[in-house]
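So you know, we letter chains A, B, ... as the sequences are listed, proteins then strands, and number each from 1.
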Amino acid sequence: MTKTGMDLGSRFVKICIENEGELSFYKYNTIDFYKKYVSRDSSNQLKIEHSLLDNVNSKITATGYGRNLMNFSNAEVISEIKAHFQGARRQTGLDDFVLIDIGGQDSKVIKASGGFIDDFVMNDKCAASTGRFLENAANILRINIDEMAAYTEKPCKLSSTCAIFSESEIVGKIAEGVSTEEISAGVNLSVARRLLPLIKRFSRYEIYGAGGVVSLYGVKYFLQELLDKEINVLENYQYNAAIGCVV
Amino acid sequence: MKKVGFTTTIPVEIIFAANLIPVDLNNIFITDNNPHTFIDFAEQEGLPRNTCNWIKGIYTSVMQNSVDKVISVTGGDCSNNHALTEIFRSEGIDVTTFNYPYENKSRYVSLKAEMSLLADELGTDLDTVQKFQGNLQGVRSKLKRLDELTVDNKVSGFENHLWLVSSTDFNGDYLSFEDNLDTFLDEAERRERIKSNLRIGFVGVPPIFTDLYKFLENKGVHVAFNEVQRQFSIISEKRDIVEKYLDYTYPYDISCRIEDINREIKKRKLDGIIHYVQSFCYRQLQDLIIKREVDVPVITIEGNEPGGVDARTKIRVESFIEMLEERKK
């Protein structure tokens, strides 16, 4: 029987299927996924449609933002922290590491030692350091997120504490005539600066990165500069939690 | 008899000795069927959104005439109480202030002077208060017994929280409080022990969430320590009323609290600590010290409004529990 790991993120649902040791990966837009592949069974419980897996019998393990809101009748649910920890262990082959995961709505740092989770932190109450803010900023600048992420020269200062106010601050910068390049660099720097308090106290360890945001050039550039340390982006950085579900 | 409201725990013996009824204003707010209306009222009157909701709850409790006089604790608790005192005075409300001394040197003398002033203000004196304090000795030692039963898994963390937090004003009547406590203890002593996989302690101000204890209990966690609630019950066995309130850790510097927390972690065999902080509270800064000085893993959770625990906090707490369980294996 194959094993299926499912990371139900705020933007994308990431799926990892393990078949005789081989991993394959799939990604769906979260809204599309819920509409197409989640239904209710006869006892009104949520169920993941088997058509998703071409009707192959597979053991499903799920994690992600939706885990407290949903209880699937045909999937085991584990915490994101555990999923990321197991995923990073498998991807790095290490027992001791620090993993930083930056996702669409949250960021987390996990410290593992001796093959156990030793400590973890998650952002709370604020999404100013996450993918969603980058998406909104790119929308305002009318460029795509990858292009925005390429800029690191002469970052302009963005000082709002709130993601929504930051957006109006960006509009203000455009009005002042600040270049798109400088604003983009400023956005990348502000995301890195907000992440810093979460990571700073773990900076003496080897740091690995997961999640869509960490792979973006500008964010990674400023994070490395602020930490004075290299961040090793995992090979399947977007699928780390899904991989952790099949371990 | 007149009702005297207060903004945080004060030497309640003074109010009783003066033949007045003590009312913890926080309890009026949080035990109301609809505490949200307290916050809405305060915000409509102009209190900022980014201010602690307990302050708004206290504000509305007073403005809606729940008490005849207010004791505002302006030293040893939230400095928002300074502004709150000023607002009350501008509204013509009868307010007196009370200060726990922050400085360590000559703390006894300062606290004694504060207590004398308060006694005088309420129409009694410290000698009368000192004589009266024996009347509360019985109920206080029964609360201690309740706390021991919590350590012994016979009383739940929530029951512990509720009894101890209510002891700031004894619901206005210490005699019937003691009667009810007798009945409760009698029943609790004969209970089966609560089964649990983990023992957790709460530190920080009492959480504003309504279902946090239930959430933890459903996960097989026993809350065997409520730091501040326990302090509210004034555990010192000293007879001198001033000494008693010097042993109370909450209003003084954090080192006394850390010492108390670490001692209880050991004694109660706690696996981890949940540090609860209130949004916009100065005590959020102390989190840094608590994380550094406390001997077991600590997770910090933040609450703003009364109501259920939000999904994100649940995810974080669950992961914390999972981590502690793995460690224990």
Quiz item: Nearest 0.5 Å, what's the NZ-CE distance between K111(A) and M323(B)?
Solution: 10.0 Å
Quiz item: Will you find, in the side chains of E322(B) and S79(A), an N or O donor that is under 3.5 Å from an N or O acceptor?
Solution: yes
Quiz prompt | Over 12 non-hydrogen atoms of neighbours within 6.0 angstrom of NZ in K35(A) | solution = no
Practice problem: Please check if atom CZ in R40(A) has more than 12 non-hydrogen atoms from other residues, nucleotides or ligands closer than 6.0 Å. | Solution: yes
Self-check item: Residues that D119(A) engages under side-chain hydrogen bond (donor to acceptor under 3.5 Å, both in side chains), provided they are two or more places apart
Solution: R201(A)
Practice problem: Would you give the length of the straight line joining atom OG of S319(B) to atom CE of M122(A), rounded to the nearest 0.5 angstrom? | Solution: 6.0 Å
Practice problem: Please indicate whether Y102(B) has more than 12 foreign heavy atoms, meaning atoms of other residues, nucleotides or ligands, lying under 6.0 Å from its OH. | Solution: no
Quiz item: Quick check: are there more than 12 heavy atoms from other residues, nucleotides or ligands sitting under 6.0 Å from OH of Y282(B)?
Solution: yes
Quiz item: Is it true that atom CZ of R49(B) has more than 12 heavy atoms of other residues, nucleotides or ligands lying nearer than 6.0 Å?
Solution: no
Self-check item: Sidechain-backbone polar pair: R327(B) side chain, D118(A) backbone, donor-acceptor under 3.5 Å
Solution: yes
Quiz item: Just wondering, more than 12 heavy atoms not from R283(B) lying within 6.0 Å of its CZ?
Solution: yes
Quiz item: For F320(B) and F120(A), which heavy atoms make the closest approach, and how far apart are they?
Solution: N-CZ, 3.5 Å
Practice problem: Report, as yes or no, whether the 6.0 Å neighbourhood of atom CG on D228(A) holds more than 12 heavy atoms from other residues, nucleotides or ligands. | Solution: no
Quiz item: If contact means a heavy atom pair closer than 4.5 Å, which residues of residues 81-94 of chain A contact chain B?
Solution: I81(A), K82(A)
